[in-house]
Amino acid sequence: MKNRSLHFLGNGIRYLLLIVVSLVILAPFLWMITTSLKDQSKIFDFPPQWFPSPIVWSNYADVFKDQPQFLLHYWNSLYIAVLVTAGTCIVGALAGFAFAKITFPFKNTLFLILLSGMMIPNEVTIIPNFIWFSKLGLVNNHFPLIIPPILGAGGIFGVFLLRQFYITIPKDLDEAAEIDGCTPWQTFWRIMAPMATPAFATLAIFTFLNSWEDFLDPLIYISSSKQFTLPIAMKLFTDTAGTSWHLLMAASVMSTVPLLLVFFAAQKKFIDGIATTGLK
Amino acid sequence: MSTYPASALEAKPTEILKTKSSNQSRLKRRNALYGYLFISPMMLGFLIFMAGPILAAFVLSLTDYSLLHPSTFVGADNYAQVLTKDDLFWTSIKNTLYFSAGLIPLNLGLSLALAILLSAKLPGMGIFRTAIFTPVVTSIIVWAIVWKYVFATDAGLVNQILGFFGVTGPAWMYNTHLVMPVVILVSVLKKVGMNMVIFLAALQDVPKMYYEAATIDGASKWKQFTKITLPMISPSLFLTLIITLIGSLKVFSQIVVMTDGGPGTSTNVLVYYIYKLAFKTFDLGYASAVAFILFFLVLALTIVQWYFRKRWVHHEE
């Protein structure tokens with residue numbers, strides 16, 4: 001009897017702690033949403049309003065009035081993130097499959113060299129990359145925000161992740177495919193690529209997020225507001241008169257939505273992917 | 001489709017063997033070709049965007065390269081100046097280490113505690129897991145903007161709650177002593193879900209029988225934690241420690257959004273300093289020297305990781 005009530009108490013404390021941490025983590029999201037629906041005059045109200053009245057839906061429309069280019073910035077972020085994600089998955093799957101399943105001379109040496117790239121901080125290579133891109137006249141367009149992320153450290157992470165995944169697939173499978181006369185391309189495309197969905201989901205979420213929240217690169221490469229991505233466009237809601245918090249929060253909500261959609265759509269596979277690709 | 005040419009079927013046994021082996025080596029060569037083809041985009045990218053630039057960064061760090069005046073070779077002068085004369089560099093090192101020293105124990109402690117709380121098979125755990133993981137898949141920029149608003153002096157949620165209890169809250173973001181703890185807290189809550197998932201996966205792999213045996217032997221929960229759980233998840237613990245440490249050395253976005261390095265120089269961290277040197281004052285050579293110091297720090301940590309991994313991390317045979 002004593003044991004059972006102790007168990008009950010233990011679970012009670014467990015739930016209590018989890019509720020407290022979850023609330024601290026979710027409160028800013030709720031605060032962001034409430035503020036985005038407040039009338040500008042109510043933002044500094046005391047006590048704070050959790051349920052704004054009136055609810056000002058027009059804040060969301062006003063974002064586009066206040067910042068006529070907001071839709072363009074949104075589109076820039078979106079197509080860049082989609083291209084980077086697709087590119088990273090393709091390049092990572094090809095090289096990851098080759099390093100895991102194909103035999104060729106110097107394979108392990110090449111893989112080690114590639115892995116060493118993972119420890120080179122982006123912050124070190126960004127200065128020479130910037131100089132090269134500016135000499136090639138590729139500054140102030142989206143090229144440096146798309147190609148280096150695919151073929152740089154993000155891509156190496158993809159290769160590593162997919163190699164880890166393909167290594168766990170039994171040899172019999174690709175040997176059988178080879179005996180049946182499949183070329184490595186056919187083995188890859190027809191058999192191996194479709195199997196890697198959890199690994200792709202994990203990689204896609206990380207890559208999409210990294211591109212979507214990339215701040216340093218656009219800060220350095222992009223100067224004209226037409227080319228802005230969302231992270232740097234956010235500063236437009238602050239001017240010398242102060243910050244339009246209600247509009248900034250509405251913009252923040254809108255910029256969070258695609259990430260959460262991608263995440264919730266792929267959540268199950270994503271968590272499986274973290275477990276199966278040995279990211280632990 | 002047959003792998004062998006039709007003529008092989010009519011050939012004498014010895015010839016069959018010969019054809020077969022030459023076929024196999026042809027197959028081998030073909031496979032190798034595919035291998036190189038498959039890895040070539042990534043290898044080229046590595047050469048162009050990583051290996052080349054890292055060499056270039058080193059050469060740059062030995063010059064007085066600036067977009068504002070012609071560049072000259074200065075040897076190790078930049079390094080000498082960074083290490084002996086540059087107070088702001090040492091401030092940024094100090095601030096970065098302060099950030100790491102606050103972030104790492106909080107992040108690892110909290111994520112491990114949460115993973116243990118969540119590892120019980122109880123109703124509702126999935127909801128909590130999702131809630132705590134959500135910030136990981138939220139843009140750091142939005143996260144930093146919202147928290148800056150939460151800690152704002154007048155409109156901020158924190159000070160409004162403090163006001164409810166009759167306490168006048170401080171100007172968090174403008175106080176040199178309070179600003180770094182706030183940035184640390186915000187960074188911990190952003191990433192705690194990632195380490196939590198890694199620990200959750202590791203905890204699932206600990207064989208249940210160990211705990212059963214320990215319970216029969218009368219070991220306390222604490223003893224089970226220190227003698228079974230910690231050693232069994234030590235590879236994950238070590239991995240997250242190094243990843244979190246390396247990540248904390250590169251803190252940047254939340255600094256720009258929340259503090260811009262201030263007030264004063266109180267949140268002027270290493271990468272922020274590199275950014276300002278390179279892209280505000282255009283001292284690209286000098287900035288490269290500071291960046292290379294960051295590279296050596298990360299390199300040293302990575303080497304330590306590989307060296308110590310074998311020594312104190314327990315691996316299940």
Side-chain angles (χ1 to χ4, degrees), chain A residues 11 14 17-18 21-22 25-26 28 31-32 43-44 46-48 91 94-95 97-99 102-105 107 110 114 117 119-121 123-125 127-129 131 148 151-152 155 159 181 184-185 205 209 212-213 215-216 220 231 234 245 248 252 255-256 259-260 263 271 274-275 279-280, chain B residues 1 3 31-32 34-36 38-39 41-43 45-46 49-50 53-54 56-57 60 114 117 120 122 128 131-132 135 137-142 145-147 149-150 154-155 157 160 163-164 189 197-198 201-202 236 250 252-253 256 271 274 278-279 284 287-288 291-292 294-295 298-299 302:
Chain A
N11 279 346
R14 187 186 292 261
L17 289 172
L18 286 171
V21 176
S22 302
I25 282 178
L26 292 182
W31 191 238
M32 165 174 87
I43 290 171
F44 297 93
F46 182 82
V91 168
L94 280 171
F97 168 76
F99 280 124
I102 303 178
T103 323
F104 53 88
K107 181 166 89 167
L110 288 171
L114 196 62
M119 70 184 185
I120 302 174
E123 291 75 8
V124 182
T125 47
I127 295 172
N129 275 335
I131 295 173
L151 296 178
V159 175
W185 169 256
I205 286 180
L209 172 68
W212 192 258
E213 70 175 0
F215 191 56
L216 184 57
I220 288 164
M234 292 295 183
W245 286 111
L248 181 58
S252 298
S255 100
T256 307
L259 286 176
L260 292 186
F263 172 56
I271 305 261
I274 289 180
L279 273 187
K280 52 175 174 171
Chain B
M1 265 203 284
T3 323
N31 282 355
Y34 271 103
Y36 289 126
F38 281 12
I39 65 166
M42 202 57 241
M43 295 315 288
F46 173 79
F49 297 114
M50 306 202 84
I54 198 83
L60 273 175
L114 287 170
L117 286 176
L122 291 168
F128 289 122
I132 295 161
V137 283
T138 305
S139 145
I140 179 77
I141 310 303
V142 166
I145 288 173
V146 173
W147 276 94
Y149 180 48
V150 167
D154 294 320
L157 184 60
Q160 295 217 23
F164 188 74
L189 293 176
V197 170
I198 294 174
S236 301
K250 303 196 288 179
F252 178 72
S253 302
V256 178
V271 174
I274 295 170
F279 302 102
L284 295 164
S288 294
F292 236 78
L294 172 69
F295 172 68
V298 173
L299 184 70
T302 313

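Note on naming: letters A, B, ... go to the chains in the order of the sequence lines (proteins, then strands), and numbering restarts at 1 for each one. Quantities reported herein were computed from a predicted structural model and do not represent experimental measurements.
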Notebook entry, point to check: So which of B:Ala56, B:Ala291, B:Pro135 has the largest heavy-atom pair count under 4.5 angstrom toward chain A?
Noted result: B:Ala291

Notebook entry, point to check: What part of B:Val146 is in contact with chain A, defined as an atom under 4.5 angstrom from a non-hydrogen atom: side chain, backbone, both or neither?
Noted result: both

Next item on the list: Please state whether the side chain, the backbone, both or neither of A:Val124 comes within less than 4.5 Å of a heavy atom of chain B.
Entry: both

Notebook entry, point to check: B:Thr138 versus chain A, heavy atoms under 4.5 Å apart: side chain, backbone, both or neither?
Noted result: both

Next item on the list: Measure A:Leu209 against the heavy atoms of chain B and call it side chain, backbone, both or neither at under 4.5 Å.
Entry: side chain

Notebook entry, point to check: Is there a side-chain contact between B:Ser139 and A:Thr256, using heavy atoms and a 4.5 Å cut-off?
Noted result: no

Checklist line | Part of B:Leu284 within contact of chain A (heavy atom distance under 4.5 Å) | finding: both

Next item on the list: Indicate yes or no: at least one non-hydrogen side-chain atom of B:Phe128 is less than 4.5 angstrom from one of B:Leu114.
Entry: no

Next item on the list: Measure B:Phe252 against the heavy atoms of chain A and call it side chain, backbone, both or neither at under 4.5 Å.
Entry: side chain

Notebook entry, point to check: Can you find a pair of side-chain heavy atoms, one from A:Phe215 and one from B:Val256, that are under 4.5 Å apart?
Noted result: yes

Notebook entry, point to check: Relative to chain B, which segment of A:Leu248 carries a heavy atom at a distance below 4.5 Å: side chain, backbone, both, or neither?
Noted result: side chain

Check: If every non-hydrogen atom of A:Phe104 is compared with every non-hydrogen atom of A:Ala98, which pair is closest and at what distance?
Finding: CE2-O, 3.7 Å

Next item on the list: Check whether A:Leu18 gets within reach of chain B through its side chain, its backbone, both or neither, counting any heavy atom under 4.5 Å.
Entry: both

Item checked: pair B:Leu60-A:Ile131: side-chain heavy atoms closer than 4.5 Å -> yes

Checklist line | Region of B:Val137 in contact with chain A, defined by heavy-atom distances below 4.5 Å | finding: both

Note to self: With heavy-atom distances below 4.5 Å as the criterion, would you say the side chains of A:Thr125 and B:Phe49 are in contact?
What the structure shows: no

Checklist line | Under 4.5 Å from a heavy atom of chain B, the part of A:Trp185 involved | finding: both

Checklist line | chain B contact via A:Leu26 - which portion, at a heavy-atom distance below 4.5 Å | finding: side chain

Next item on the list: Using the six-membered ring wherever Trp is involved, compare the ring planes of B:Tyr149 and A:Trp31 and label them parallel, tilted or perpendicular (cut-offs 30° and 60°).
Entry: parallel

Check: Considering only heavy atoms from C-beta outward, does the side chain of A:Ile127 approach that of B:Ile274 to under 4.5 Å?
Finding: yes

Next item on the list: Let me know if B:Ala278 has heavy atoms under 4.5 Å from chain A in its side chain, its backbone, both or neither.
Entry: side chain

Item checked: Contact check, side chains of A:Trp245 and A:Ser252, non-hydrogen atoms, under 4.5 Å -> no

Next item on the list: Check B:Ala120 against A:Arg14 and note the closest heavy-atom contact, atom names and distance.
Entry: CB-NH1, 3.2 Å

Item checked: Part of A:Thr103 lying under 4.5 Å from any heavy atom of chain B -> backbone

Check: Relative to chain B, which segment of A:Ile102 carries a heavy atom at a distance below 4.5 Å: side chain, backbone, both, or neither?
Finding: side chain

